[in-house]
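First up is the structure itself, then whatever we jot down about it.
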Amino acid sequence: MFVPTTTQDYGDNPIKVRETDTYVTEYVRGFVEKWDELIDWNQRARSEGRFFIDVLKARGKESVLDVAAGTGFHSVQLLKAGFDVTSVDGSAEMLAKAFDNGCQHDVVLKTIHADWRWLNESVRGKFDAIICLGNSFTHLFDENDRRRALAEFYAALKHDGILILDQRNYDRILDEGFASKHKYYYCGDQVTAEPVHVDDGLARFEYVFPDASRHNLNMFPLRKNYTRKLLRQAGFQQIHSYGDFQEEGEETDPDFFIHVAEKS
Ligand code: SAM
């Protein structure tokens, strides 16, 4: 029987935990329950505006596979905007919460429980677009896993499909230390989110909530140009990297990069 865990356990030496599979045990029920406090849907909707809707509509995209559904924020926004959305996540806890959140917003999510590395074993059909948002790709610690996931995303797209994948500006975190304005994504101002350890192979974040509870995520710090190289090597022909929802070059020191990778 599946018994949900409520506490995270990184063992005796948390900064040694650098494995792709860790994400499943990081999103324990206690953390998932708090995730929406962390990301604050209303504030996030204001910050993002119509960015993703406009990118998709400008290219005539209709079917969207949200591969990092989390608690469902983007799936719900896109469903409400008229897109045909399928929601995937490798965490059953997250997916269950996403479905509940969909019901709260009067939409029914089509959910599929799948890990990106074996995506096409569970997901049928080809999509106009895949979104992988909220700094999710950073959960992959092994380069082979990153290549594998991108190959699966590529295969699940139509011949002219696009992948929208975002990431924190890890270049700044690695080179200058963490100075997020906390405006994008993790914007509940009651919650602090900051790295407690950073090296070339790990960015360990700590999230502290108003009730003093603490949760962590161990992430791989992706450099922007490295991600772009992986996208190119996966076969994507055109890659545009936006900073904090601005056109390329307009935001020189963003918190997040959003890569829009086109298959043709
Ligand atoms: N996109 C959501 C958001 O912005 O709020 C969730 C972001 S959360 C940081 C990352 C999500 O990616 C989690 O729900 C996690 O379960 C999922 N994830 C991480 N690695 C995965 C993998 N290998 N396969 C499937 N899902 C994965």
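As the structure lists them, so they are numbered: ligands from 1, and atoms in each ligand from 1. Reckoned from all heavy atoms, side chains included, excluding hydrogens, waters and symmetry mates.
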Could you tell me whether some N/O pair between Arg117 and ligand 1 is separated by less than 3.5 angstrom? no
With respect to Thr71, determine whether any N or O atom, backbone or side chain, lies less than 3.5 Å from an N or O atom of ligand 1. no
Taking only non-hydrogen atoms of Ala68 and a 4.0 Å limit, the atoms of ligand 1 in range are 1 (N), 2 (C), 6 (C), 12 (O)
Hey, does Leu133 come in under 3.5 Å of ligand 1, counting only N/O atoms on both sides? yes
Arg117 and Asp115 ion-paired at < 4.0 Å: yes
Quick one: does ligand 1 sit under 4.0 Å from the side chain of Tyr23, the backbone, both or neither, non-hydrogen atoms only? side chain
Main chain of Asn120, side chain of Glu152: is a donor-acceptor contact present, judged purely on distance under 3.5 Å? yes
Within-cut-off N or O pair, Trp35 and ligand 1, under 3.5 Å: yes
Could you check if a side-chain atom of Leu165 sits within less than 4.5 angstrom of a side-chain atom of Leu133, using non-hydrogen atoms only? no
Thr20 side chain vs Phe141 backbone, donor-acceptor pair below 3.5 Å: yes
For ligand 1, indicate whether the residue His113 contacts it via side chain, backbone, both or neither (heavy-atom separation under 4.0 Å). neither
In ligand 1, the atoms that come under 4.0 Å of a heavy atom of Gly90 are 25 (C), 26 (N)
Is the NZ or CZ atom of Arg146 positioned over Phe220's six-membered ring, under 6.0 angstrom from the centre and within 45° of the axis? yes
